[in-house]
Amino acid sequence: MTTASELTLYTRHGNYIPRVAAVHDLCGYGKCSLGIAIPVLSAAGIDVCPVPTSLFSAHTKFPKFYMHDTTAMLGDYLDAWQEEGVELDGIYSGFLGSAEQVGAIRRLYREYPGARRIVDPVMGDGGEKYPTYTDEMCEAMKGLVDGADVLTPNLTEAAILTGVAYAGQNVDDAHVGRTVDALLEMGAKSVVLKGIVRPGEKAIRNYVAVAGEDGASEEVASELLPFMLHGTGDLFASGLTAAIFCGRNLRAAVEFAGTLVRDAMAITRDQPNYELRGVSFESVLGDVTALL
């Protein structure tokens, strides 16, 4: 059986630049989604091809924001890619604008069967769905679990996907094992369960499991800072994807992503109005380039 420390999903050859479709929203203010995915993956020497699922004036933690759903244009958008003969090495998906957009991602899977599938099932946090997410969208998101090379839910998203009640951030190893097993049984090839925080500890824990390991998972911890920021989940998933396409094994990719988020958060704390501005990742992009 392959462990997370042994699983390498992508091998980089020479000067070849891999191409990854980033299926996410674009947010004008409050760094997240494509605003993070494009620079982070680019810093790793990856050709990022955005597929915008919606346009936001600002992220949804702001009391007022404008959202434009791009569902109606995605068919023509992907038709044009086919006509141009665009080739992909990976498909990395995150925040969606509608339930129908799951069909657009599954179309990409059909048209690029050899592409690695990184699924960040962005739906909510802290036991709550994001304001634009409906029950229909959450149900549709389950359709991306089967066949995902890497699935990266937080505890809220894992609860939505599995139908198990959200149990808070402080869960024991038995709960982690049941959750990971359920996601693997749904067809994920590997799972990174993010964001377990236990009282009195200064660590945030992620658990990594690969199908066929009989429920065994590897714990990867990083320093817990005493505040929360918008966009850290997107930075984690983007850093993970960057490391994977730079040839790192899955455990090493999770370790890198956790450190990247921690370092970016520390820088953000020194910025004015840091609570809403989003995670300041710009100064740590050199760490991403160092993966090459």
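Numbering of residues begins at 1 and proceeds along the displayed sequence. This structure is a prediction, so every number in the text was calculated from the model and none was measured.
Annotation: ring pair (Phe, Tyr, Trp, His ring centres under 6.0 Å) contacts of Y130 (sequence neighbours excluded): none. Here R198 pairs with D173 under the salt bridge (charged side-chain N to carboxylate O under 4.0 Å, His left out) rule; sequence neighbours left out. For R248, there are no salt bridge (charged side-chain N to carboxylate O under 4.0 Å, His left out) partners two or more places apart in sequence or in a different chain. R262 meets the salt bridge (charged side-chain N to carboxylate O under 4.0 Å, His left out) test with E223; sequence neighbours excluded. Listed by chain and residue number, nothing satisfies the ring pair (Phe, Tyr, Trp, His ring centres under 6.0 Å) test with Y16 (two or more places apart in sequence, or in another chain). Partners of E201 under the salt bridge (charged side-chain N to carboxylate O under 4.0 Å, His left out) rule, at least two apart in sequence or in another chain, are R205. Scored by the side chain to side chain donor-acceptor pair (under 3.5 Å) test, T71 finds D69, S98, Q101 as partners (sequence neighbours excluded). Remark: H175 engages no residue in a ring pair (Phe, Tyr, Trp, His ring centres under 6.0 Å) (not counting sequence neighbours). Residues that satisfy the side chain to side chain contact (heavy atoms under 4.5 Å, CB included) test with Y29, not counting sequence neighbours, are A58, F62, R277.
With rounding to the nearest 0.5 angstrom, the CG atom of L74 is 7.5 Å from the OG1 atom of T53. Atom-to-atom distance recorded for R117:CZ and D146:CG is 8.0 Å, nearest 0.5 angstrom. Note that CD1 of I118 is 6.0 Å distant from CG of L9, once rounded to the nearest 0.5 Å.
In summary, the side chains of Y133 and E136 do not present any donor paired with an acceptor at a separation below 3.5 Å, with no hydrogens or angles considered.
Hydrophobic clustering, defined by side-chain heavy atoms of Ile, Leu, Val, Met, Phe, Trp and Tyr closer than 4.5 Å, leaves V164 isolated from every other such residue.
Remark: the backbone N or O of G124 is paired with a side-chain donor or acceptor of N154 at under 3.5 angstrom. Side-chain atoms of S222 never come within 3.5 Å of backbone atoms of T259 as a donor-acceptor pair (strictly under, hydrogens ignored). Checked by atom type and distance alone, the side chain of T134 pairs as donor or acceptor with a backbone atom of M137 at under 3.5 Å. Between the side chain of S190 and the backbone N or O of D149 there is at least one donor-acceptor pair closer than 3.5 Å. Although no hydrogens or angles enter the test, the distance criterion places no donor-acceptor pair under 3.5 Å between the side chain of D25 and the main chain of L96. At distances below 3.5 Å, at least one donor-acceptor pair connects side-chain atoms of E157 with backbone N or O atoms of M123. Although no hydrogens or angles enter the test, the distance criterion places no donor-acceptor pair under 3.5 Å between the side chain of E218 and the main chain of T3.
Residue L292 places its CG atom among more than 12 non-hydrogen atoms of other residues, nucleotides or ligands, all under 6.0 Å distant. By the 6.0 Å contact criterion, CD on E87 is open, its count of non-hydrogen atoms from other residues, nucleotides or ligands being 12 or less.
E282 and K31 are joined by a salt bridge, as a carboxylate oxygen and a charged side-chain nitrogen come within less than 4.0 angstrom of each other. Between D120 and K194 there is a salt bridge, since a side-chain N of the basic residue sits under 4.0 Å from a carboxylate O of the acidic one. Comment: D79 engages R107 in a salt bridge, judged by a side-chain N to carboxylate O separation of less than 4.0 angstrom.
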Without placing hydrogens or testing angles, list every side-chain donor-acceptor pair under 3.5 Å for residues 231-245, not counting sequence neighbours.
from: T232; atom 1: OG1; to: L229; atom 2: O; distance (Å): 3.3
from: D234; atom 1: OD2; to: S33; atom 2: N; distance (Å): 2.8
from: S238; atom 1: OG; to: Y92; atom 2: OH; distance (Å): 2.8
from: S238; atom 1: OG; to: D234; atom 2: O; distance (Å): 2.8
from: T241; atom 1: OG1; to: A237; atom 2: O; distance (Å): 2.8

Using atom types as modelled, flag every donor-acceptor pair under 3.5 Å from a side chain in residues 264-272 to any protein atom, sequence neighbours excluded.
from: T268; atom 1: OG1; to: A264; atom 2: O; distance (Å): 2.7
from: T268; atom 1: OG1; to: S280; atom 2: N; distance (Å): 2.7
from: Q271; atom 1: NE2; to: I267; atom 2: O; distance (Å): 3.1

- Could you please spell out the steps behind the side chain to side chain contact (heavy atoms under 4.5 Å, CB included) verdict for L108 and V23? CA-CA 10 Å; L108 287 171; V23 190; 4.0 Å; yes
- Intermediate values then yes/no, side chain to side chain contact (heavy atoms under 4.5 Å, CB included), V86 and Q82: CA-CA 6 Å; V86 173; Q82 281 296 300; over 6 Å; no
